[in-house]
Structures are given as C-alpha cells and as structure tokens.
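Reviewing the structure listed below.
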Amino acid sequence: MLIVDDEPDIRQIAAIALERLGGFRVKTAASGAEALRLAGVEVPDALLIDVMMPDLDGPTTLQRLRALGVTAPAVFLTARVQRQEVLRWQECGAAEVVGKPFDPLKLPDVIRRCLA
Amino acid sequence: MTGLGLEVDHSRALRRYGLDEPALSAVLDGFAEQAALTLGAPVGLVCVVQGDALRFLGRWGMEAVSMRCAGTPCAFVAASGAPLLLADTAGDPRFAGTPFAESFRFYAGAPVVAEDGIVVGTLCVADRIPREGGPNQLAALRSLTRLLMDQLETRRELLRARRFQQLHESSPALVVAANFDGYFEEVSRYWTDVLGYSRADLTALPFQSFVHPDDRDRTAQALGVLSTGGEVAGFENRYVDARGEVHWFRWYARGDAVEGRCYAVAHDVTDYRTAMDARDEAERELRATTRLLAAVSQVQEWHIGGWAVEPVLVELCRAAAELTGSQGAFVVEARWGDGAWLASDRALAAWGQAPSDLRGLLESTVGAELKPVLGESLIVALRRDSQLNGFLGLVGRRSGYAADDLVFVAPLIQSAASLLVARQESARRAASEQAIRESELWFRALAQFAPLGIFRTDAEGRVIYANPKLVELLEVDVSTPTEQWPERVEPDDRLRVTARWAHALAKRTDLLDELRLRPLSPGEEPRTLLLRATPIGSLDGRLLGFVGMAVDITDRKRVERLQQEFIATVSHELRTPLTSIRGALGLLSSGLFGEVQDTAREMVSVALTNSERLIRLVADILDIERVQSGALDVVLAPIDLGDVVRRAARDLAGFATQLGVRLALSLSEPLPTRGDTDRLVQVFSNLLSNAAKFSPQGAEVQIRGTSDGQHVRVIVTDSGPGVPATFLPRLFDRFARADNTDARRHGGSGLGLAISKAIVKRHGGELEYQPVPSGGACFVVTLLQRNSAT
C-alpha cells in the first residue's frame, strides 16, 4: 500500500504500524507528485493520504491517482475532522477519515476495514 | 228768519257764557228789573235768539219765557247790533201788526255785545202803552248792557278758572308753581299722591329738601335758567317721597322773571327710568357677557396657540367692570413685585391706590383666610387647587358691593383664575423650554464632539441628524443626501442591514448589526462599523424615531481575526509534532520493538498519557475558538438522548473502571429530542469523566433521564466534594478550575464545561449546576422534547 505524507515522522510511524502490525507491504511518498510517480511504477491496493500537503493536497492527489486508473480505497489522514469537513473528504473519495493525532496501533484495522 | 233778512242765533254765546244755567237766571232777572225800573217800564227782558224762538232768560213783569222770534224788535236789535227805541210800535211800519206790536206798543232795546263784537243777546224794556222816550233812555240801557257784559265776562272767567282748577286737581301731572326763592307756591293734588306729603308740607319747606341730594346741584342750575325767563324741557331729577323711595320726574317748565316764579309740570317717569335702566343693564350685561365669552374663548385659544395672556386679562377686567357697573376692575398676581400687576382697567385711578401700596392692602384686607372683601370694593382671592394665584378686584361702584355680587362674578373669578394659572404655566413652560433648549445645546455639543457616529431618525426612519463623526466614518460628503448613505455599505451586507432596519422600524425594536463599508479606493481593506439603534417613544407612546450610533470596529475585527488565525495555526502547528510523539509512543508501548524494562515502560506510559492530554487540550482550544467565532458545527437530527448518554458511558466505561467508579444509568424513559449526537456525546463524555474523576473510589455516578412532555433532562450526580460556592460564578468560564492542583490530578483542560455549555446552548437547551445537599455535584442537561410527530 502507499502512504503519502509530507511529514517524515508521521510517514515513518504509519509505515511501521502498517508493516509491523498490519503486515502490509508499504511504500511511502513525501508529496503528491511522488505518489503519482510511485503509483505509475506499482499500482497500490490501498492508499493512506495526508490531506494538508504543500503543492498537491490530499484530495487533488487522490483525484490525479484516480485519473491514472488507481481504484484502491483511500484513507485520509487529517486534523480537520469537523463534521462538515469529514463530509467533504468523503465526497472527495475518502473511504475512511483518520483524525490527527491518531493511535498508530489502530491504523491496520482501518485499512483492513476498507479492503474488506 | 224775518222779513228783514237778518239771521241771528245766539246759541254759541249762550254756551260761551252759560246763559241758561240756573245760577245765572237770578242775575239776568235782576238786569231785566234794573232796566225796567230805570226806564220806568213795566216789563224788562234779557233775550237771546235760539233758532226760531226768542227766549227770555231774564224777565221782569213778564210771564212768558219765549215767543216766536220773527218780527220782534229784539231780533232786529240782535241782528243789527244797534239799540232801538220805538215810542209806538203800531206807528212803525216794520213792526205794526206783528204779535209783539199787538202786545207792546213801547219798546227800547240794546244789544249785549262781547269785547270781540259777538252779540250775546239783548236787554230790553216794553210797555203796553205808547210812551215818549229819548236818547237818555237808550244811553241808560246801553250802560246796563255793558254792566251785564262785564258780569258775564267775570262769570265766564270764574268758570274757566274752576275748570282749570278741576283739570289741575284731577290730572295725573305734577303741576306746580314755584318762586325763585325756592319754595313751591301751588302744587297739584297729584304731588300729594305721589310723594305722600300734604300740600302744607310741600309748601312749607324749600323744595330742594324733597330733591335727591345727588340731583340738587343740577336742579339749582335748571332753576337758574328759569329765573332768567327761560324754559326747561325734558330735565329729569329725583324726588324722595315720604317713605324714602326715589321718583324720577321729567320736567317742562317756564320761568317768569317779572313775576319771580315759574310754572312747571312734571311727570313721574320712575317706571320708565327703571325700564330703561333695566334695558341698559341688560344691554350692558349682554355686551359684557359677549366680551367675556370672547375673553374665555381666547383663554382656550391661548391654551392652544400659546398667545399672550395679558390682553385677555385686560379684556376680562373691562368685561368685569362693565358687567358689575364698576369704574374699574383689576387682576393682580400673587407673586409680588414689579410684574405683579397684570391687568387693571382704570381700577387704580378709581380706587386711588398706588401699585406699591397694593400688597399690604390686599394682605391686610383679604387676610390669611382669603375671605372676599365686600363694601367699597370687592376683592376676591383667585385660587386653584388650594393655591393662591392672585386677586380679582372691582372698585368704584357707588352702591358698593354685597355678597350677591360674588355669585354674579363667579364666572369671572373662574376665568381669571384659569387665566392666571395659564399665565403661570406659560411662564413655567417658558422656563422649562429654556432649560430644554440649553440641554439640547449641551447634548448637541456632546454629539458634535463624540468620537463615535451618532444619528437620529424620524418615525419613518429618515436620518434627521448625523454628527460629524458619522459623516467622517461613512466617508460621505456632507452634502450627500442621507438616502444615499446605504450605498456606502458593501453590497453583501446592504440587503441584510436594510431588511433588519425595516424590521426594527416596523417592530420598534433595537437594531444591532455589523456592516462593512465599500472601500473608496481599490485594494483598501473594507472597514467594519458596529451599528446600534434604539427606538425613542414620546410620553404618549408615539414613535418619535430612532437614535443610533456607529462605531468603527475594523481594528477590533482585525485583532479578532488575527487571534483566531493564530489559534488555528498554533493548534495545527502543535498537532503535527503531537501526532508524531503520540504515534511514536504508541508504537513504543505496543512492544513492537521488543520488551522494554518496567521502569522504561512506565515512563513511556507517562509520556503517552501526557501527550494525549496535550492533544485533548489542543482540541478543546480549537472547540472553544469555534464557540467564540460562532463556527461551532451543530447538526440537529431526531435522536434519543438516552442513546447519546449510553454511548458516552460506554466510551468512558474503561476510564471509570480504572478509577474504581461505577456509572449507574437509569434511562428507562424515552428521551426524544433533536440534537447532534457527536456533540452531545462530547458533552456527556465531559460530564461523566468529570463526575468519575471527582468521585471517591468505589462510588457510583448516578445518571438519570426524565421527561415532562416539554423537556427531556439528564441529571448526572456524583458523590464527590461538589463545587465550592466561591467557584460557582466561574464554573462555566474558560480555563476555570476550582483548584489548580486539580489540573495535575484530574488532567482537565479547564475548557470542558465551557464547551459543553456552549454546545447545549446551541441546541436551545441549558446546562446547569445544582448543588446536592448531601455533598457531591449535580449537572442537569435540559433539551426541548421532540414530539412523536417530528
């Protein structure tokens, strides 16, 4: 699966949790552009995308990925979890929204729910 | 009548001298006898011709009283007016053969002629035998006729005098002869009837004694005219009769300077005078009443139009004087000093008082009890509502003033009193108007220099005053019509402000709104005004308009915005590292990187707990920021509050168990309402965690749901220490904690209750604290109950 986040620490924590606890094979991207490039190399089965990123933000990145034919379920990672905001992320194609800060131990279950 | 062609009739003379009156026949008989004896004849006669008959009114030696007139020498004498002597009638062809001639042969007769030449009759003598006669005999006869005539004339005069006497006595005229020494000489009987004095009384004293004292001077003047032989016609004066009553006499008199007396006739015109006086009085009253009515109506108009009251008072005085027959009337105000004299109408002159003397005089005469003064003058206190306003005075009536007059002038008193009150009110009003004008100046000055925009509108909402600051704030030219001012508002705000303004105007409610102004140059930041207006009603509830003010809050808004942005930025910037810390610690504590030593695990746990606390604090700060900016997101949906509470309890079950506290739910009743489940869960999580935190170990937190048909309630009661009374006022404040040591022990941000209260309020409900007598705290959440239909 592909993790997209501009924050290296969070990228790393999420990757460890998903690899070690969830048993996923994880690739990480530090920006939307990198994510698009990686997705061109190998199509991911699941996506974990940070919403607030410089240049390409989360929803735009997802839109571009979809345009490339990536159909994998996407989980948005964001601090903006007001109800209206959550609705907006869902409209943008998010299967699940994980609020920041998050408990990394619960992350594998979220991804699994999406793939089920 | 006769062959002589002479026609004679003595009827007129007969009446003139009353010849056939019985009283005269003896006289006439005497003349007949005198004539017969003088001429030595046996028959003497006084004859008059009446119609065809010759009547013998005086006889001597003759039985017959009349005979046919025709052919008699008497008729001849009467007709010719000349004496006649016939020595022998038989020898005279004029009479020979007549019945007279057959009876009497001798005849001598002379006419009785009055001074004016009228033949009254004849005096004649006769004898049956012829006799010699001469001129001496005729002369003697003529002398006798003159004597007879004198006698008749005298008698006639007497008769006339008697008739005049009769006339005089029976006439209802006051006939009098008076000498210029001032005494009546003759008075007709009517004088005694009218005046009740005897003739002797009337002639014994100078007649001025009977004249009314006021009229004596004039009477003396009239007498002066008469004493020079002049006439007086229509002069009137008064006499006082024996009973003391007054009579008006109207005189026609002529004086005779030679005789030294005057003859006069008077008529008692008392009734006429009374009637005339009554008419004059009535007319005067009518005039005065008309004036009074005019004055009173002016009083009313004065009330309406605010006219000067003094002319009306003067008019009233005039009316009062005229109505009462006084020489003057005055109204004086009970406020002494130069302005005290309000109105006087010749009153002072008539009274002989100077204004400066008046105060003492009124005070001493009217006195403290303010009883009316009567007598030479009439002075009444004018009072209204038991307060002394002034005095009304009437002066200069000869007959003086009595209590009856008080009734008469009562309407005047009323009018004068109300006029004075009106005048005093007007003075007061003028003073208060002055005060209002000055106050207006002050307020206008305040408004002019106030550092905030101030305006005033009329009842239709049109701006009728705006201070310079408002003009400056709106950045409009002073000459810009106020109707164009709304164009200065940003189009986005204009519609809303206009609608709110219309609403406030229609409902007479306060208006409070913020509006942005259109920047005058591009790129400029729009300025924000806080607009506040409130309706002003008059005392009778009419809407006068609105007063309002406008404050430039651009800077405040900017600061607020910066503050919000700062908080948002800070919390975001805080959350990113927190996410990493929280995530790293989570992974560390999961044993994913191999077992750590007990001490190290404990430290990781401490770090984890505090990072979570920090995360909650940041979340709360963001929430409270949303509450303040009005951005708190609440979506209402039909829910059951019991479900919400159960969810919150479930979320907190682990937490409570850790603390050894049991959450006891009694939610058997359905609690239908409309609300935002997530937000309400947040509220109850906060309430339940608080309750759990403050409860002693092993205690129970009671959570009870109730509904009363209108509201649903959830009551959370713990058995902790409760809220100290001193802290109650700040219980729902931000960052409020009863004890700062709580922060460490209980780990709260101090924002939970403030946020919870805001959330409940956004639901239209209420979050309240209720002390529990047995100790412990009790929080009650009350929301509107949802009908089963909705």
Side-chain angles (χ1 to χ4, degrees), chain A residues 1 3-24 26 28 30-31 48-54 57-58 75-91 96-112, chain B residues 567-594 604-605 607-619 621-623 625-627 629-637 654 675-682 755 759 762:
Chain A
M1 69 165 295
I3 298 171
V4 191
D5 199 321
D6 59 324
E7 285 288 337
D9 294 349
I10 294 171
R11 224 164 41 229
Q12 190 187 2
I13 289 165
I16 290 169
L18 287 168
E19 277 180 340
R20 296 277 197 86
L21 292 176
F24 294 99
V26 174
T28 61
S31 68
L48 179 67
I49 306 172
D50 182 27
V51 172
M52 295 264 281
M53 289 186 296
D57 65 5
V75 173
F76 275 12
L77 198 56
T78 179
R80 314 189 72 174
V81 287
Q82 289 277 299
R83 183 193 317 277
Q84 295 299 324
E85 294 164 339
V86 170
L87 286 173
R88 203 172 115 212
W89 309 145
Q90 285 170 347
E91 275 169 25
E96 288 264 355
V97 178
V98 173
K100 279 183 179 176
F102 57 93
D103 183 352
L105 306 184
K106 290 178 181 167
L107 212 49
D109 283 347
V110 174
I111 301 298
R112 265 196 288 272
Chain B
I567 290 170
T569 309
V570 164
S571 22
H572 180 257
E573 293 304 316
L574 279 173
R575 269 200 285 196
T576 304
L578 271 176
T579 305
S580 302
I581 293 166
R582 167 71 180 80
L585 290 170
L587 289 175
L588 201 56
S589 67
S590 67
L592 201 60
F593 310 112
V604 169
S605 173
L608 194 60
T609 307
N610 278 288
S611 70
E612 275 174 352
R613 189 174 146 207
L614 202 52
I615 288 163
R616 245 189 347 266
L617 181 61
V618 171
I621 287 173
L622 279 173
D623 268 348
E625 186 266 322
R626 287 191 192 100
V627 165
S629 64
L632 189 73
D633 186 20
V634 166
V635 178
L636 299 183
D676 185 319
T677 302
D678 289 349
R679 287 297 183 191
L680 290 173
V681 167
Q682 190 181 345
I755 293 166
I759 291 170
R762 277 297 304 272

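Lettering follows sequence order; numbering is per chain, from 1.
Ranked by non-hydrogen atom pairs under 4.5 Å with chain A, the options B:Val618, B:Leu585, B:Leu608, B:Asp676 are led by B:Asp676.
The line from OG1 of B:Thr579 to CG of A:Asp103 is 12.0 Å long, rounded to the nearest 0.5 Å.
Of all non-hydrogen atoms in A:Ala17 and B:Leu587, the two that sit nearest each other are CB-CD2, 3.8 Å. A pairwise comparison of heavy atoms in A:Leu105 and B:Ser590 identifies CD2-CB, 3.4 Å as the closest pair. Closest approach of A:Pro104 and B:Arg582 over heavy atoms only: CD-NH1, 4.0 Å. Shortest non-hydrogen contact noted between A:Ile10 and B:Thr576 is CD1-O, 4.0 Å.
You'll find the side chain of B:Leu578 stays beyond 4.5 Å of the side chain of A:Lys100, heavy atoms only.
Under a cut-off of 6.0 angstrom, the local environment of CZ in B:Arg762 is crowded, with over 12 non-hydrogen atoms contributed by other residues, nucleotides or ligands. The local environment of CD in B:Glu612 is crowded, with over 12 non-hydrogen atoms from other residues, nucleotides or ligands closer than 6.0 Å.
Contact annotation for A:Glu7: only side-chain heavy atoms (C-beta onward) come within less than 4.5 Å of a heavy atom of chain B.
With sequence neighbours left out, A:Asp9 forms a side-chain contact (heavy atoms from CB on, under 4.5 Å) with B:Ser580.
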